[in-house]
Amino acid sequence: IAVGMATNVPPHNLGEVVDACVYMLRQWDRLEDVSVRDLMQFIKGPDFPTGGLVFRDNDSKDPQEYDDALTAAYATGRGKLTVRAKVHIESLGRGKNQIVIGEIPYQINKNGLIERIADLVRNERIDGISDLRDESDRQGLRIVIEVKSGVDPADVLKDLFKLTPLQTTFSVIMLALVDGEPRTLSLKQALRVYLEHRAEVVRRRSQYDLNRARERAHILQGLLIALSQLNLVIKIIRESESSDAARTALMERLNLSQAQATAILDMQLRRLAALEQIKLQDEFKELVQTIQYLEGLLASPAAMRKVIADELLEI
């Protein structure tokens with residue numbers, strides 16, 4: 001038995017979302033006090049790729065709690081937004097005007113919209129239109145509707161909004177899988193879940209890098225011990241019957257681990273050059289600093305939040 005669920009998260013401006021995330025990270029210790037209106041200082045509303053205007057009309061069920069439908073949608077995770085095309089009226093002189101459409105609502109097909117307007121004119125459901133042209137080019141979308149002389153373009157526009165997809169409704173359903181379960185998220189919850197995910201990514205990445213750095217530092221430590229007692233190392237290897245015997249002898253005489261002893265046996269002769277030894281020492285110093293930084297990062301949630309914020313701002 002299956003249950004069908006729909007999700008419809010509106011697209012947003014990346015810069016605005018990043019600013020809201022950074023604000024939340026800086027207010028993390030008092031996150032309970034952050035309201036939807038605080039976040040809407042940064043996220044003004046959806047940013048549809050085809051443009052258009054979002055009307056913040058007051059049709060929410062509780063007008064006292066939320067100012068308008070957009071605030072209600074962000075606060076509850078569900079709502080309906082009215083989206084209109086962006087239009088302006090140009091005067092052609094001698095009492096003639098034309099309506100120019102520069103942006104259309106999200107998920108509306110331009111050709112389908114033009115056909116719909118043409119059908120309405122043919123069926124005489126809209127009166128006052130003399131010509132309809134698609135002047136779109138590489139510069140952007142431009143649909144021109146010429147209005148007959150003496151006809152008020154505002155009246156024609158009112159009919160167009162009522163009868164065509166120049167005005168549509170976008171249903172906001174902020175449904176997402178959180179820990180394997182479907183949840184309807186408010187704007188604040190959605191951002192918080194994402195930031196918690198980023199924190200987990202940074203933690204796991206830092207732990208991985210720390211483990212690799214410790215392993216490499218451990219090997220370099222063994223190589224530097226061998227270089228500091230080179231004559232003894234050469235003597236041990238020469239006197240050993242096999243590589244296994246040499247490894248065991250190195251571990252016992254120099255107090256090394258198996259990994260360190262193996263690295264010494266695998267070391268190329270060119271590493272004995274003075275410059276190569278300096279390179280190994282420099283690499284070891286860098287690794288020690290990296291290890292200290294990563295240990296400090298993993299021990300400090302505040303430092304991890306700063307890393308998340310810096311990476312978001314870089315985006």
message: Evaluate L280 against L227 for side-chain contact (heavy atoms from CB on, under 4.5 Å), listing each step before the verdict.
response: CA-CA 10 Å; L280 288 174; L227 290 170; 3.7 Å; yes
Atom [atom1] of [X] and atom [atom2] of [Y]: how far apart are they, to the nearest 0.5 Å?
X	Y	atom1	atom2	result
R183	L175	CZ	CG	10.5 Å
R116	T164	CZ	OG1	7.5 Å
S136	I114	OG	CD1	6.5 Å
Q229	I236	CD	CD1	8.5 Å
K285	D282	NZ	CG	6.0 Å
H218	Q221	NE2	CD	7.5 Å

Salt bridge (Lys or Arg N to Asp or Glu O under 4.0 Å) partners of [X], counting only residues at least two apart:
X	result
D244	R247
R238	none
D38	none
E115	none

Do [X] and [Y] land in one hydrophobic cluster if side-chain heavy atoms of ILVMFWY residues count as linked below 4.5 Å?
X	Y	result
V100	V87	no
L120	I108	yes
V9	V172	yes
I104	I99	yes
V34	L187	yes

Mark yes or no for whether [X], through its side chain, and [Y], through its backbone, hold a donor-acceptor pair below 3.5 Å.
X	Y	value
E103	G52	yes
S240	S242	no
S228	I225	yes

I'd like to check [X] versus [Y] (side-chain heavy atoms, cut-off strictly below 4.5 Å). Are they in contact?
X	Y	answer
Q167	P105	no
R125	L163	yes
M40	S35	no
L81	T169	no
V54	R84	no
V83	L53	no
L132	V121	no
I219	E215	no

query: Under the side-chain contact (heavy atoms from CB on, under 4.5 Å) criterion, do K188 and L39 qualify, and how do the steps go?
result: CA-CA 8 Å; K188 179 179 168 183; L39 295 175; 3.7 Å; yes
message: With side-chain contact (heavy atoms from CB on, under 4.5 Å) as the criterion, how do E283 and R216 come out once you've worked through the C-alpha distance, each side chain's angles and the decisive distance to 0.1 Å?
response: CA-CA 10 Å; E283 186 186 350; R216 179 63 182 159; 2.9 Å; yes
Would the number of heavy atoms belonging to other residues, nucleotides or ligands and lying under 6.0 Å from [atom1] of [X] be above 12?
X	atom1	answer
L269	CG	no
K279	NZ	no
K86	NZ	no

Show every donor-acceptor pair shorter than 3.5 Å between a side-chain atom in residues 13-33 and any protein atom, with sequence neighbours excluded, or say none if there are none.
residue	atom	partner	partner atom	Å
N13	OD1	G15	N	2.9
N13	OD1	E16	N	3.0
N13	ND2	D47	OD2	3.4
E16	OE1	K44	N	3.4
Q27	OE1	R30	NE	2.7
Q27	OE1	R30	NH2	2.8

query: Charged N to carboxylate O under 4.0 angstrom, R192 versus E196?
result: yes
field: Pair listing, ring pair (Phe, Tyr, Trp, His ring centres under 6.0 Å) test, anchored in residues 153-209, at least two apart
entry: F48-F170
Compare every heavy atom of [Y] with every heavy atom of [X], then report the nearest pair and how far apart it is.
X	Y	result
G77	T184	O-CG2, 3.8 Å
A85	I101	CB-CG2, 4.1 Å
M174	A190	CE-CB, 4.3 Å
A73	G79	CB-CA, 4.0 Å
L113	P165	CD1-CD, 3.7 Å
Q260	G222	NE2-N, 3.4 Å

- request: Kindly indicate, with the supporting measurements, whether the criterion side-chain contact (heavy atoms from CB on, under 4.5 Å) is fulfilled by Q281 and L224.
  value: CA-CA 7 Å; Q281 288 167 350; L224 291 171; 3.6 Å; yes
- prompt: Going through the checks in order, is the salt bridge (charged side-chain N to carboxylate O under 4.0 Å, His left out) test met by R212 and D209?
  reply: CA-CA 5 Å; R212 295 290 84 75; D209 290 343; over 6 Å; no
Pair up each side-chain donor or acceptor in residues 288-315 with any protein partner under 3.5 Å, not counting sequence neighbours, and list the distances.
residue	atom	partner	partner atom	Å
T290	OG1	E286	O	3.0
E295	OE2	R214	NH2	2.7
S300	OG	A303	N	3.1
K306	NZ	D310	OD2	2.9
E311	OE1	R198	NH2	3.0
E311	OE2	R205	NH1	3.2
E311	OE2	R205	NH2	2.8

With a cut-off of 3.5 Å and sequence neighbours excluded, list every side-chain donor-acceptor pair involving residues 138-160.
residue	atom	partner	partner atom	Å
R142	NE	E135	OE1	2.9
E146	OE2	R133	NH1	2.8
D152	OD1	A154	N	3.0

- prompt: Under the salt bridge (Lys or Arg N to Asp or Glu O under 4.0 Å) rule, what pairs show up with a residue in residues 224-236, not counting sequence neighbours?
  reply: K235-E239
- request: Could you note down all residue pairs passing salt bridge (Lys or Arg N to Asp or Glu O under 4.0 Å) where residues 161-178 supplies at least one of them, sequence neighbours left out?
  value: none
Which atom pairs, donor and acceptor, lie under 3.5 Å between side-chain atoms of residues 249-256 and protein residues at least two apart or in another chain?
none

task: Kindly give the cluster partners of L185, where membership spreads through any ILVMFWY side chain lying under 4.5 Å from a current member.
output: V178, V193
query: So, do Y74 and H12 have ring centers that fall under 6.0 Å from each other?
result: yes
